[in-house]
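Below is one structure, written out as structure tokens; comments come after it.
Just so we're on the same page: letters track the sequence lines, and every chain starts at 1.
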Amino acid sequence: MPGYNPASIEKKWQAFWLQNKTYATSTSTAQPKFYALDMFPYPSGQGLHVGHPEGYTATDILARYKRAKGFNVLHPMGWDAYGLPAEQYAIKNNVHPRETTAKNIHHFRRQLQSLGFSYDWDREVDTTDPTYYKWTQWIFLKLYDTWFDEHQQKGRPISELIAEFESGKRPLPAMGNRQSAIGNDWSSLSPTDQRQILANFRLAYEAEVPVNWCPGLGTVLANEEVIDGKSEVGGFPVERKPMRQWMLRITAYAERLIGGLQNLDWSDSLKDMQRNWIGKSEGAEVTFEIAHLQSPLTVFTTRPDTLYGATYMVIAPEHPLVLTLTTADQREKVEAYRKWAASRSDRERQEDTRKTGEFTGTYAINPVNQNQIPIFISDYVLMGYGTGAIMAVPAHDDRDHEFATKFKLPILQVVAPLDGSRVDVQQEAFTDEGLAINSPWIENLPTQDAKKKITALLEEKSLGKKTINYKIRDWLFSRQRYWGEPFPIIHLQDGTSVRLADDQLPLTLPELADFKPTGTIDPPLSKADDWVNIHVLIEDRAGASLARVVPASTPGAQPARRELNTMPQWAGSCWYYLRYTDPHNTHAFVDPQIEKYWLGSLAPNGGGVDLYVGGVEHAVLHLLYARFWHKVLHDWSLVSSDEPFRKLVNQGLILGEMEFTIIEDTTTGQHLSALDLPAEIERAMDDDNPRYKLVKLDDTQVEKKGEHFVLKSDHSLRVDARSFKMSKSRGNVVNPDDVIRDYGADSLRLFEMFMGPLEQVKPWSTAGVEGVYRFLQRVWRNLFDENDNPKITDAAPDDATRRALHKLIKRVTDDIERMSFNTAIAGMMEFNNFLGKSAPTAGSGGAPNLIAREVALTFVRLLEPYAPHFAEEVHARLTQSSTLSPQSSISALPWPNYDPALLIDVTLDLPVQINGKLRSRISVPHDSDDSTIFATTLADPEIQKQLAGKEPKKKIYIKGRMVNLVV
RNA sequence: GCCGGAGUGGCGGAAUGGCAGACGCGAUGGACUCAAAAUCCAUUAUCCGAAAGGGUGUGUGGGUUCGACUCCCUCCUCCGGCACCA
């Protein structure tokens, strides 16, 4: 069958590309480089959905374009293959997660290859491969061996900290109540004590922390993985519970993680999401003495200027001083409140924010005026933020106002509006900035100045200090799961832990027949007895301990146990972009020279990945975690840039096809609008045998009336017209395999790029896929006759065609550079329509003109990044290569250049406006001077009619664009 | 509530200070066909008008400008994120 037939050509070219390694990245570092990175997928059992090809096509277009521009392009793909779903599936179906993972990877790889992406498949990485996770463990140990020097704002080797302790340059920190026993001589400490001290500094440390324990999954979850008190995966309830966990000290890097955002080419919204997550707020800590008590209480506030308005104080129920502060007669009530607050889940707390609390019976002394103010406990104050205690200023804080009103506490105004207006703070808190009043130290100062002055005074009198707080908490880094990277950590009998020696990596995951959760807090790895119980020799490395696993019979060997937790799924994705640059290195996670070439600051654009595209769902977590690891590696001079991802784009979600729906009452056959459904109907639809059902309508049954869609047959019935997120339950999921089967990969790629701007949310449209499919058909028919013989001539193209072609080159090139793919495709469609007019297809009447070979080849060269199989096939047919070689691929052709002289039209067709309204148009030679243009304009009959003899007050000519006359 | 983004035909969208609606979908009419599909041609913001032509029009109201979808201010709506973070 002649004509464009994607099914037959796509397979052929995919095989050709793989066989010839057409898209292999060069190991030479002579050329300029371009690193186009996709967020690697979790290979789920569902396979690809249409959202994947969206971002992947965008980077593929850039990769293909940059190759044609002479760049050495790194465009890799891999698998983020550890993770809960594989383990859940494995437990349910009793297969090893390794098997399902391998199967899923195979499926994903086949699907991606069927889309024609130009990945270098020799650089594939798999986070579950021991040759990969060896280095994940190695980097973890780097974090373990790092402490954060606040002064230098930099991670430094733990050995340098030891050296500072040894030399006495840094005093030994206190160790709880053993302070006096420790002394101040590092080398006289026992190894156990030394290890305990160091553990307080390491970026990777163990801590007993209240965690989100999810009994349903048998694991703890990060805060980020808990949504509304339920697990993000599976939706199981989550409870708070203190457990020993591995933590990463990401909080130490908070300031640098904020600062680093500034120079990144990321969207503002994405940067804001990261900033909000880190949650920096500047304020002051203020110390309040407690009446009749020795120990003072410190609060954090961002409004120190309202200190005179503090009429009471609140501490969190879990605050360690609660019991000390509570008087005997209040004890019973306070205890009861504490118990009640502890039993409340996060969810309940979020849903019910009405203020509750209890008076402790004790008073604090306001340091600026010596007023005694009552101390309450309440769960609206969180232990995890600031100091877990606040000064309450009900006149100027909504939450304090609500509490004060309920507990009948005094409300004292200390800030007045700037405009002199009156506010009634008894009724409502005034939270804006203004002028300080009733505040002797700062009377009449505007808020900003008042903050500065009172903070300075507090510091002077040792009553407080300027403080910065962050919302971000340390990263909970361990999971009670089987399917993850084991920690290269050994627990000794003295209760301390020690890292494994580098040369004993990778620490491979033990084979377990039964990897189900134990049902207790013990992780599944506790079942691997032989693996867990080992003997080690402890070595001393620059003062730090290191464990080496040895046979039990080895002299000096001591019994020990391995860490039973595994790392979270984020671990492997924190550094995969580095591994792609040097994926087979067995000596290092990446070779320094290679890293420098691909990510170094010597690169023209300042280092990091040149383009990173992925879903917005990773806006905070993955991107924050990866940036954190990258900065630690940078502090070790192991990577040459401070930021990993210079330019980042989030592709918009693809929604399901637009749906028109109404509701049918099945008993009466009556139709109802599906908009604003009464609650009882909505409920009834969930019944097993629903009285009401949703009726989907064809778009021919519907029309627009005013603001709304209505039924054509009944204008009074409003139709619900909406696109929904694709979901199995809605039945609106589009499978890319089906689209490829029906229209081919090129049409899928083209359509996803043509739908609209990459970053935008947009609905799927099957008719739209057909539209781009027809476009490719038309291109084919313009170039080949009904027997697939080329309608091509070697004669030079006519002037108009040449000009149109050069305009197209410029347009497509500029549009790719700014990632405006939809408009580039529109340009190619226009050009093809132009070709169709000059070379009418057979059957349409006109005598078929032949298209110049040069024009056809340049056109498909521009089309290749979007529709590579199609372009290869056309190129091969037009060049009539009988044997296919790597050089015969269209990708061996350079990107065309345009001749700027050809972009200028010989005659200008200028619109003429009078007072900004279009009235006429004139034609002038493109090089006419202003006076010629105005003369032509005034001579124009239409303009003369409009002016009716009036002389324009002002004549404006915008070069090459338009003329405007002001009368 | 706070932060960010967006409002343009029946639909997806184009135009980032200079001809609003490119391109595509859908729709309508026509050609080809015994017929259908496919393909091709034409029309397609809206109002007035037979037409020529003219008026209006980018969520709302105002402003800046010779000129505003585009910049500034007000309000409204939708989407995304955060949310008792002191």
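Although no hydrogens or angles enter the test, the distance criterion places a donor-acceptor pair under 3.5 Å between the side chain of A/Asp397 and the main chain of A/Asp400. Using modelled atom types, no side-chain atom of A/Asn822 and backbone atom of A/Met755 make a donor-acceptor pair closer than 3.5 Å.
Residue-level contact check: A/Glu770 touches neither bases nor backbone, having no heavy atom under 4.0 Å from any strand. Here A/Val381 lies in heavy-atom contact (under 4.0 Å) with a base. Counting non-hydrogen atoms under 4.0 angstrom, A/Thr823 reaches the backbone sugars and phosphates but no base. When heavy atoms are screened at a 4.0 angstrom cut-off, A/Met755 is found touching the sugar-phosphate backbone but no base atom. At the heavy-atom level, A/Arg722 lies nowhere under 4.0 Å from the strands shown. If you check every strand for non-hydrogen atoms under 4.0 Å, A/Gly279 touches nothing. Residue contacts for A/Ser281: at a heavy-atom cut-off of 4.0 Å it reaches the sugar-phosphate backbone alone, with no base atom in range. Among the protein residues, A/Tyr470 comes within range of no part of the nucleic acid, since none of its heavy atoms lies under 4.0 Å from any strand.
Remark: the separation of the C1' atoms in B/A14 and B/C25 is 15 Å, to the nearest Å.
OP1 or OP2 of B/A6 has not a single side-chain nitrogen or oxygen of A/Gln760 nearer than 4.0 Å. A/Lys954 has a side-chain polar atom (N or O) that falls below the 4.0 Å cut-off from OP1 or OP2 of B/C66. Taking 4.0 angstrom as the limit, A/Arg774 places a side-chain polar atom (N or O) nearer than this to OP1 or OP2 of B/C25. For A/Asn822, a side-chain nitrogen or oxygen approaches OP1 or OP2 of B/A14 to under 4.0 Å. Remark: A/Lys917 is in phosphate contact with B/U56, judged by side-chain N or O atoms under 4.0 Å from OP1 or OP2. Phosphate proximity of B/A86 to A/Tyr380: absent, as no side-chain N or O sits under 4.0 Å from OP1 or OP2. At B/A22, none of the side-chain N or O atoms of A/Arg811 fall inside 4.0 Å of OP1 or OP2 (strictly under the cut-off).
The aromatic rings of A/Tyr4 and A/Tyr773 sit tilted relative to each other, their planes meeting at an angle between 30° and 60°.
Pairing for B/U46 is with B/G55, a Watson-Crick or G-U wobble pair whose two hydrogen-bonding atom distances lie under 3.5 Å. Across all strands shown, B/C82 forms a Watson-Crick or G-U wobble pair, both distances under 3.5 Å, with B/G1. Base-pair partner of B/C71: B/G63 (Watson-Crick or G-U wobble, both distances under 3.5 Å).
A/Asn832 places none of its side-chain heavy atoms less than 4.5 Å from the side chain of A/Met829.
Contact of A/Lys355 with B/C84 (side chain to base): a donor-acceptor pair of N or O atoms is detected under 3.5 Å. Residue-to-nucleotide contacts include a donor-acceptor pair under 3.5 Å from the side chain of A/Arg921 to the base of B/C19. Counting distance only, with no hydrogens placed and no angle test, the side-chain atoms of A/Asn964 and the base atoms of B/C66 include a donor-acceptor pair under 3.5 Å.
Side-chain contact check for A/Glu759 and A/Gln651: no donor-acceptor pair (N or O, by modelled atom type) lies under 3.5 Å.
We find that A/Glu54 and A/Lys762 are joined by a salt bridge, their nearest charged nitrogen and carboxylate oxygen being less than 4.0 Å apart.
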